[in-house]
S.K.: 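This structure is in structure tokens; I'll ask about it shortly.
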Amino acid sequence: MRSLVYSLAAAAMLVAGAAEASHNRGSALIPTIDSSGNLTIEATSFWRTTFVGAVFNVTISTPSSGNVNLGLSQVGANDTSDSRFTRVNESATTSLSQYGAGLYTISWGSCCRVAGVPNLDGNSANMGTTSTIFWDGSSATSPITFDIQNIQPNVVRGTAYTDNLGATSANGDTLSYDDGVLTVGVDSQAPGFTIDSAGQIDIPAASTAGYADGTEPGADVAFSGEIVAKNGSGQKTGTVQFDWLFDGVGSGTNSVPTVSDVVVNAVVGDMISEMVTGTDPNGDNVALSFVSFNGPGGAIGGSSFSSVSGDPATGTFMWDSTGFTPGTYVATISGTDGSLTDTGTITINLKQGGTTVVPLPASILLLGTGLLGITVVGRRRRTKQSGK
């Protein structure tokens, strides 16, 4: 599998890479397929602030008719909420009905990465990421939901780093993680970087102490990995590669704010009302904003996010789940101190109701998108049953 991924990514670079811009800092491609066979690809990429590019094109390897090139369209304006990089979101949809059931491989690649990163090929390398998705020919599938910016790039030198990918599966598939060097242009993994079976990233303090400042702001050492989804029969249903850059900083510099992560266990018909908070180690003001809400089949409408009592660092996410399909839904909330950005997620595990009393979820320890672990209790109010 690994040699196949390498060859596909390299092929994508030859086919579609010439049009892409350089100065890339990382990317991930998230594919989903609806019940009509429409494949949607959500691409996230990061760029040098002074030279912003985009993915622009992907190559889709179909199970029956060779390769298809698909152009992407940008979604919204460039995200410049973090002074270290510019985030670009793109999307495209195409019908798979003529190609039928089977494995679809989506790749992109180009030249070049930002310069001066020590574990990149030639310090200014070609890059590319590849994702796969298996379609049975008739059913909707969303094997992996993942926002790469949920990985906090800020690493304090000489301090142990811990974070979680925050990936979920709308299909209810089992996710596993490969911490190998799977992307084009990354010669070796970030020193000390590991991912465990729960998607937990850890880097010991002895390793972060060696993350020296590079020639590019916020681009000190690269890391990469692959998320793998398998169904209950052990069949692989999809994969997502990602790569990005850590920013090694000293303990006396401005620290990244932390946005809380929340997990909610609910049943169809619940009115979800969840509070999210942003904090800053330096005491800077934090402003929260809504980024996205996705579930089985893609983007979900009808939700709202608003500040609490006019406090921009605290917000409430609300969503009426009546009539929605059971599955995993993920809302992403961003927080900025005006210079650095963190994202938090509200993961809603929505099940079909079968009892009149649904227990509230227990307190859980979440290792959030910042450098701190935050204990959050998912709160849920029932509206469908009187007296409950």
Side-chain angles (χ1 to χ4, degrees), residues 9 12-13 16-29 42-58 71-91 107-130 147-155 157 181 183-190 193 211-225 241-250 253-257 291 334 336-343 369:
M13 292 177 64
E20 280 80 19
S22 61
H23 310 287
N24 176 262
R25 289 170 173 259
S27 64
L29 307 174
E42 304 286 348
T44 300
S45 56
F46 301 93
W47 304 87
R48 175 192 285 171
T49 58
T50 56
F51 197 115
V52 180
V55 171
F56 293 127
N57 299 283
V58 296
L72 304 180
S73 298
Q74 186 164 338
V75 179
N78 291 342
D79 184 346
T80 58
S81 60
D82 195 301
S83 61
R84 297 168 296 185
F85 51 78
T86 296
R87 171 174 171 151
V88 177
N89 298 314
E90 297 166 273
S91 180
S107 301
W108 90 285
S110 184
C111 173
C112 300
R113 295 293 299 266
V114 294
V117 181
N119 61 328
L120 294 181
D121 179 15
N123 294 336
S124 184
N126 294 335
M127 73 285 182
T129 56
T130 298
D147 184 346
I148 186 175
Q149 201 169 338
N150 200 52
I151 307 173
Q152 176 53 249
N154 195 77
V155 175
R157 297 187 191 92
V181 180
T183 51
V184 174
V186 180
D187 273 354
S188 61
Q189 195 57 273
F193 175 89
Y211 287 12
D213 279 334
T215 58
E216 295 282 343
D220 297 330
V221 60
F223 63 95
S224 63
Q241 287 186 3
F242 60 88
D243 88 299
W244 204 15
L245 297 166
F246 284 125
D247 177 23
V249 300
T253 59
N254 182 36
S255 296
V256 176
V291 177
S334 175
T336 179
D337 64 0
S339 177
L340 303 179
T341 302
D342 186 35
T343 59
T369 57

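Only a predicted model underlies this, so the values are computations on that prediction, with no experimental measurement involved. Note that these values count all heavy atoms, side chains included, but never hydrogens, waters or copies made by symmetry.
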S.K.: Within the side chain of Q74, is there an N or O that forms a donor-acceptor pair under 3.5 Å with the backbone of G76?
M.R.: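 Yes; at least one donor-acceptor contact below 3.5 Å.
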
S.K.: Decide whether Q152 and D342 meet the rule of one side-chain donor and one side-chain acceptor closer than 3.5 Å.
M.R.: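 Per modelled atom types, Q152 and D342 side chains form a pair under 3.5 Å.
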
S.K.: When you check the gap from the basic side-chain N to the acidic O, do R25 and D247 get nearer than 4.0 Å?
M.R.: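 Salt bridge flag = no for D247 with R25.
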
S.K.: Within the 3.5 Å criterion, strictly below it, is a donor on N78 or T80 matched to an acceptor on the partner's side chain?
M.R.: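 No, no side-chain donor-acceptor pair sits under 3.5 Å.
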
S.K.: Run the side-chain contact (heavy atoms from CB on, under 4.5 Å) check on T86 and F46 step by step: do they pass?
M.R.: CA-CA 6 Å; T86 296; F46 301 93; over 6 Å; no

S.K.: What's the separation between atom CH2 in W47 and atom CG in N24, rounded to the nearest 0.5 Å?
M.R.: 4.0 Å

S.K.: Go through D243 and S27 one step at a time and tell me if the side-chain contact (heavy atoms from CB on, under 4.5 Å) criterion holds.
M.R.: CA-CA 6 Å; D243 88 299; S27 64; 4.2 Å; yes

S.K.: Of all the heavy-atom pairs spanning G71 and N57, show the shortest one and how long it is.
M.R.: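 That would be CA-OD1, 3.6 Å.
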
S.K.: Do S81 and R87 pass the side-chain contact (heavy atoms from CB on, under 4.5 Å) test, and can you show the C-alpha distance, the side-chain angles, and the key distance before you say yes or no?
M.R.: CA-CA 9 Å; S81 60; R87 171 174 171 151; over 6 Å; no

S.K.: Provide the closest heavy-atom pair for G53 versus V88 in the form atom of the first, atom of the second, distance.
M.R.: O-CG2, 3.6 Å

S.K.: Tell me every residue that passes ring-ring contact (aromatic ring centres under 6.0 Å, His included) with F223, counting only those two or more places apart in sequence or in another chain.
M.R.: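 Result, ring-ring contact (aromatic ring centres under 6.0 Å, His included) vs F223: F193, F246.
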
S.K.: Atom CG of N89 and atom CD of Q149: how far apart are they, to the nearest 0.5 Å?
M.R.: 8.5 Å

S.K.: Going by atom types only, do S110 and W108 share a side-chain donor-acceptor pair under 3.5 Å?
M.R.: no

S.K.: Quick check: does any side chain N or O of E90 sit under 3.5 Å from a backbone N or O of F56, one acting as donor and the other as acceptor?
M.R.: yes

S.K.: So does A222 get a backbone contact from the side chain of N119, meaning a donor-acceptor N/O pair under 3.5 Å?
M.R.: yes

S.K.: Report yes or no: does D121 contribute a side-chain atom to a donor-acceptor pair with the main-chain N or O of D187 at less than 3.5 Å?
M.R.: no

S.K.: When rounded to the nearest 0.5 angstrom, what is the spacing between CZ in R48 and CZ in R113?
M.R.: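 These two atoms lie 12.0 Å from each other.
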
S.K.: Give the intermediate values and the outcome of side-chain contact (heavy atoms from CB on, under 4.5 Å) for residues L245 and D220.
M.R.: CA-CA 7 Å; L245 297 166; D220 297 330; over 6 Å; no

S.K.: Please answer whether the main-chain N or O of T341 pairs with a side-chain N or O of D82 as donor and acceptor at a distance below 3.5 Å.
M.R.: yes

S.K.: Donor-acceptor pair, R84 side chain versus L340 backbone, under 3.5 Å?
M.R.: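 Between the backbone of L340 and the side chain of R84 there is no qualifying donor-acceptor contact (under 3.5 Å).
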
S.K.: May I ask you to check whether S107 and T130 show a side-chain donor-acceptor distance below 3.5 Å?
M.R.: yes

